[in-house]
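One structure is given below, encoded as structure tokens.
Nothing fancy with the numbering, it's 1 onward along the sequence.
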Amino acid sequence: TWKYISTNASDEANSIMFSDGAVRFRTAIAGVADAGISWINQLVLQNNSGSLSATFGGDIFVTKDDATLTITDTSASGAFSGGISILSSDDGVTMASGDRLGLYVFSGAEDGASTIKTGAYIASHTTEAWSNGNNGADLQFFTTPSTTASRVLALTLQQDQSALFAGDIIVPQGNKIHLDSGQERISSNGSAMLFDVAGGTAFTMSVSGFQGNLTDSGSLQKETSSAT
């Protein structure tokens, strides 16, 4: 056990090993020396039957050149092995629909005075009130358009495994969008589906009830027999 005592109670700190085997590094938040002090655990080192853990009572900052936080799993490799980063929300109350579960933020300095701004982030929100067996959630990707400072929702991976894009889907030249066999389809909620075809490039399409080619512009004509 060690402790630091100052005439200012807020500067007092100590380290104690408790009967449960945990080592707690504490600082004073109120009161006077010894019995009258209210403590807060800044760091707790725990050994639960060989399972080691460190619990911090405040934020963790890693500040250095090429700062890196590495998580390494030393157990046998396998389908469920590997380092894990867990973002969790627990205030003792059941998660309601729309509550945020966690957030990964990407930020940087916008000037020489270390003014940090967010450029993009990934967030997850619940999509229903949670209970046993009901834990719906989505994953949202936010980006910042150039010449602006406001994040906008770019992509949502929805709870039903569908993907909702806020902008265009661009496929580089020479690449394709593949639909596996089954009930996969491209559909439109509007009255028409438009296809832009670059000049001189043929666009071939075969869908249920329709088949034809588009070059520059044109339409698909319905056939008398349903195409597959």
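- Val105 and Leu153 fall within a single hydrophobic cluster, where Ile, Leu, Val, Met, Phe, Trp and Tyr side chains are chained together by heavy-atom contacts under 4.5 Å.
- Considering CG of Asp66 and NZ of Lys64, their distance stands at 6.0 Å, rounded to 0.5 Å.
- Remark: Val93 engages Asp91 in a side chain to side chain contact (heavy atoms under 4.5 Å, CB included) (not counting sequence neighbours).
- For the side chain to side chain donor-acceptor pair (under 3.5 Å) test, no residue two or more places apart in sequence or in another chain qualifies with Gln159.
- Within the structure, the ring-ring contact (aromatic ring centres under 6.0 Å, His included) test picks out no pair touching residues 89-120 (sequence neighbours left out).
- Every residue was checked against the side chain to side chain donor-acceptor pair (under 3.5 Å) condition with Glu110, not counting sequence neighbours, and none meets it.
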Under 3.5 Å, sequence neighbours excluded: what are the donor-acceptor pairs made by side chains of residues 52-61?
none

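- For residues 108-153, the ring-ring contact (aromatic ring centres under 6.0 Å, His included) pairs, not counting sequence neighbours, are Tyr121-Phe142.
- Looking only at distances, no side-chain donor or acceptor of Ser124 sits under 3.5 Å from a matching main-chain atom of Gly102.
- Partners of Asp90 according to the side chain to side chain donor-acceptor pair (under 3.5 Å) rule, which considers only residues two or more places apart in sequence or in another chain, do not exist here.
- Residues satisfying the side chain to side chain contact (heavy atoms under 4.5 Å, CB included) test with Ala163, not counting sequence neighbours, are Leu155, Leu157, Phe165.
- Closest approach of Ser81 and Ala76 over heavy atoms only: OG-O, 2.6 Å.
- Considering every non-hydrogen atom in both Val23 and Ser15, the closest pair reads CG1-OG, 3.8 Å.
- The shortest side-chain heavy-atom distance between Thr94 and Ser131 does not fall under the 4.5 Å cut-off.
- Side-chain contact between Ser89 and Met95 is present, with heavy atoms from C-beta onward closer than 4.5 Å.
- To the nearest 0.5 Å, atoms CG (Leu101) and CG (Leu139) are separated by 10.0 Å.
- The shortest non-hydrogen separation linking Gly119 to Arg151 is O-CD, 3.9 Å.
- Scanning all heavy atoms of the two residues, the minimum distance from Thr143 to Ala154 falls at OG1-CB, 3.8 Å.
- A search for side chain to side chain contact (heavy atoms under 4.5 Å, CB included) contacts involving Ser150 returns nothing, not counting sequence neighbours.
- The hydrophobic side chain of Ile116 is isolated, with no ILVMFWY side chain under 4.5 Å apart from it.
- Nearest heavy atoms, Ile170 versus Pro172: O-CD, 3.8 Å.
- Side-chain N or O atoms of Asp138 include none that pairs as donor or acceptor with a backbone N or O of Gln158 at under 3.5 Å.
- Remark: side-chain polar atoms of Thr126 are not paired, donor with acceptor, to backbone N or O of Ala137 under 3.5 angstrom.
- One hydrophobic cluster, built from ILVMFWY side chains closer than 4.5 Å, cannot hold both Val171 and Leu164; they sit in different ones.
- Asp160 places a side-chain N or O within donor-acceptor distance of the main-chain N or O of Ser162, the cut-off being under 3.5 Å.
- Every residue two or more places apart in sequence or in another chain that forms a side chain to side chain donor-acceptor pair (under 3.5 Å) with Thr115 is listed here: Asp111.
- Counting heavy atoms from C-beta outward, Leu103 and Leu87 have side chains that stay 4.5 Å or more apart.
- When the side chain to side chain contact (heavy atoms under 4.5 Å, CB included) test is applied to Ala22, the partners found at least two apart in sequence or on another chain are Asp20, Arg24, Val44, Gln46.
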